[in-house]
> 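Below are the structure tokens for one structure; questions will follow.
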Amino acid sequence: MNGRRLTFAVGDIHGCLAQLETLLASIESIAAGGRVIFLGDLVDRGPDSRGVVERIMAGPRTTGWKWITLKGNHEAMLVAARKGRPEMSLWLTNGGEETMASYGGAIPLSHLVWMAELPSIIIERHRIFVHAGVDENIPLDEQGDDILLWMRTDPNYSGTYWGRHVCHGHTPSRSNPRTVGNRTNVDSGAVFGGMLSCAVFDDDRAGGPIDFLVTDGYG
């Protein structure tokens, strides 16, 4: 892959720090530099959400790499949990208890601010990167987090997506990573005993991924 400008889009991590470190090592073993996009859901359910957040906040350890992190619905739930009891209950029952345990019961304000300020979508000439998906029935610039972070797409669906390829996570399956037409899902259910996956894209070439990288999941 030498000479290509590459992007590695990583699916839902959900507190699986050991698997993340293994995947990052695999990424760096095949390219001297490039871009890594984390597609959200760094936290909840897994054993070390704090470790995952701190690792990604710290950034790459070698030169030549750029990391970008998108917001997932679990980051949104975590941030919203400060609003009141219903929001806190929703988060805790969706994996937040494991996150709180990894933080020893108190999440630093700097982490909360960082998660709150994460972008929800990246729109480029050839591709769209987003946590959950996009709705083709709504103009792209009018889609809110209720769609970008939460929508579910039929596993066999492929749209035209305004002439772009969509890469997302959010909907786990042991069949992922999987490309169907103009859409790739890289949520392979790492925290559910599946794999932690990423799709490899050639930035200068339209269309889907040129490769996938996977690691064993948690449990």
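All of these numbers come straight from a predicted model, not from anything done at the bench.
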> Between His74 and His14, is the side-chain contact (heavy atoms from CB on, under 4.5 Å) condition met? List the steps.
CA-CA 9 Å; His74 281 263; His14 281 303; 3.5 Å; yes

> Which is it for Thr99 and Asp44 under the side-chain hydrogen bond (donor to acceptor under 3.5 Å, both in side chains) test, yes or no, and what are the steps along the way?
CA-CA 5 Å; Thr99 297; Asp44 296 346; 2.6 Å; yes

> Are Leu140 and Tyr161 close enough that some pair of their side-chain heavy atoms sits under 4.5 Å apart?
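In short, these two side chains do not touch, never coming nearer than 4.5 Å.
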
> Quick one: side-chain contact (heavy atoms from CB on, under 4.5 Å) partners of Arg174, sequence neighbours excluded?
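Partners of Arg174 under the side-chain contact (heavy atoms from CB on, under 4.5 Å) test: none.
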
> Indicate if Ile122 and Ile138 have the same hydrophobic cluster label, given that clusters are the connected sets of ILVMFWY residues with side-chain heavy-atom separations under 4.5 angstrom.
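No, no single cluster joins them.
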
> Could you check if a side-chain atom of Phe129 sits within less than 4.5 angstrom of a side-chain atom of Ile123, using non-hydrogen atoms only?
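No, their side chains stay 4.5 Å or more apart.
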
> Are the side chains of Thr7 and Ile37 in touch, meaning some heavy atoms are under 4.5 Å apart?
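In short, these two side chains touch, coming nearer than 4.5 Å.
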
> Do Phe8 and Trp65 make the cut of ring centroids closer than 6.0 angstrom?
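Ring centres of Trp65 and Phe8 closer than 6.0 Å.
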
> For a quick check under 3.5 Å, do Arg183 and Ser158 share a side-chain donor-acceptor pair by atom type?
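Note: Arg183 and Ser158 side chains miss the donor-acceptor criterion.
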
> Does the side chain of Asp135 pick up a donor-acceptor pair with the side chain of Asn137 at under 3.5 Å?
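Asn137 and Asp135 do have a side-chain donor-acceptor pair below 3.5 Å.
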
> Mind checking side-chain hydrogen bond (donor to acceptor under 3.5 Å, both in side chains) for Thr171 and listing every partner two or more places apart, or none if nothing turns up?
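Partners of Thr171 by the side-chain hydrogen bond (donor to acceptor under 3.5 Å, both in side chains) criterion, ordered by chain and then number, come out as Arg152.
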
> Going by the rule salt bridge (charged side-chain N to carboxylate O under 4.0 Å, His left out), which residues pair with Arg205 if we only count those two or more places apart in sequence or in a different chain?
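Not a single residue meets the salt bridge (charged side-chain N to carboxylate O under 4.0 Å, His left out) criterion with Arg205.
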
> I need the single residue from Val36, Thr69, Leu24 that forms a side chain to side chain contact (heavy atoms under 4.5 Å, CB included) with Ile56. Which is it?
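One option only clears the test, and that one is Thr69.
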
> Is the shortest side-chain N to carboxylate O distance from Arg5 to Glu124 below 4.0 Å?
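Looking at Arg5 and Glu124, the cut-off is not met.
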
> Is it possible for you to say whether Val200 and Met195 belong to one hydrophobic cluster, with membership spreading through side-chain heavy-atom contacts below 4.5 Å?
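Each belongs to a different hydrophobic cluster.
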
> Using the side-chain contact (heavy atoms from CB on, under 4.5 Å) rule, take Val43 and Glu75 through it: C-alpha gap first, then chi angles, then the decisive distance, then the call.
CA-CA 7 Å; Val43 300; Glu75 284 76 48; 3.5 Å; yes

> Applying side-chain hydrogen bond (donor to acceptor under 3.5 Å, both in side chains), can you list everything that pairs with Ser120, at least two apart in sequence or on another chain?
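Scan of Ser120 (side-chain hydrogen bond (donor to acceptor under 3.5 Å, both in side chains), adjacent residues dropped) gives Asp145.
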
> Does a donor on one side chain sit under 3.5 Å from an acceptor on the other, for Thr160 and Glu136?
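Judged by distance alone, the side chains do pair up.
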
> Any side-chain donor-acceptor pair under 3.5 Å between His131 and Asp41?
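On atom types as modelled, these side chains qualify, holding a pair under 3.5 Å.
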
> Side-chain contact test, heavy atoms from C-beta onward, threshold under 4.5 Å: evaluate it for Glu87 versus Arg82 and give yes or no.
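Glu87 does not reach Arg82 side chain to side chain.
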
> Would you check if the distance from the ring center of Phe201 to the ring center of His126 is below 6.0 Å?
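No, the ring of Phe201 stays outside the 6.0 Å limit from the ring of His126, centre to centre.
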
> Locate the shortest heavy-atom distance separating Pro209 from Thr184; write the atom from each residue and the value.
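Shortest heavy-atom separation between Pro209 and Thr184 comes out as CD-OG1, 3.3 Å.
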
> Got a sec, which pairs hit salt bridge (Lys or Arg N to Asp or Glu O under 4.0 Å) with one end in residues 6-22, sequence neighbours left out?
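Pairs touching residues 6-22 that pass the test: Glu21-Arg55, Glu21-Arg61.
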
> Using a distance-only test with no angle check, is there a side-chain donor-acceptor pair under 3.5 angstrom linking Arg178 and Asn156?
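The criterion, which ignores hydrogens and geometry beyond distance, is satisfied for Asn156 and Arg178.
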
> Run the numbers on Leu109 and Trp114 for side-chain contact (heavy atoms from CB on, under 4.5 Å), then give the verdict.
CA-CA 9 Å; Leu109 179 60; Trp114 180 78; over 6 Å; no

> Would you say CG of Asp216 has more than 12 non-hydrogen atoms from neighbouring residues, nucleotides or ligands within 6.0 angstrom?
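No.
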
> With sequence neighbours excluded, what pairs up with Asp141 under the side-chain hydrogen bond (donor to acceptor under 3.5 Å, both in side chains) test?
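Asp141: no side-chain hydrogen bond (donor to acceptor under 3.5 Å, both in side chains) contacts found.
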
> So do the side chains of Arg127 and Arg164 get within less than 4.5 Å of each other, counting heavy atoms only?
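No, side chains not in contact.
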
> Is the shortest side-chain heavy-atom distance between Ile13 and Leu196 below 4.5 Å?
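They are in side-chain contact.
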
> With a 4.5 Å cut-off on side-chain heavy-atom distances among I, L, V, M, F, W and Y, is there a chain of contacts connecting Trp150 to Leu39?
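In one cluster: no.
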
> Taking atom CG of Asp48 and atom OH of Tyr103, what is their separation to the nearest 0.5 Å?
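Rounded to the nearest 0.5 Å, the CG-OH separation comes to 9.0 Å.
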
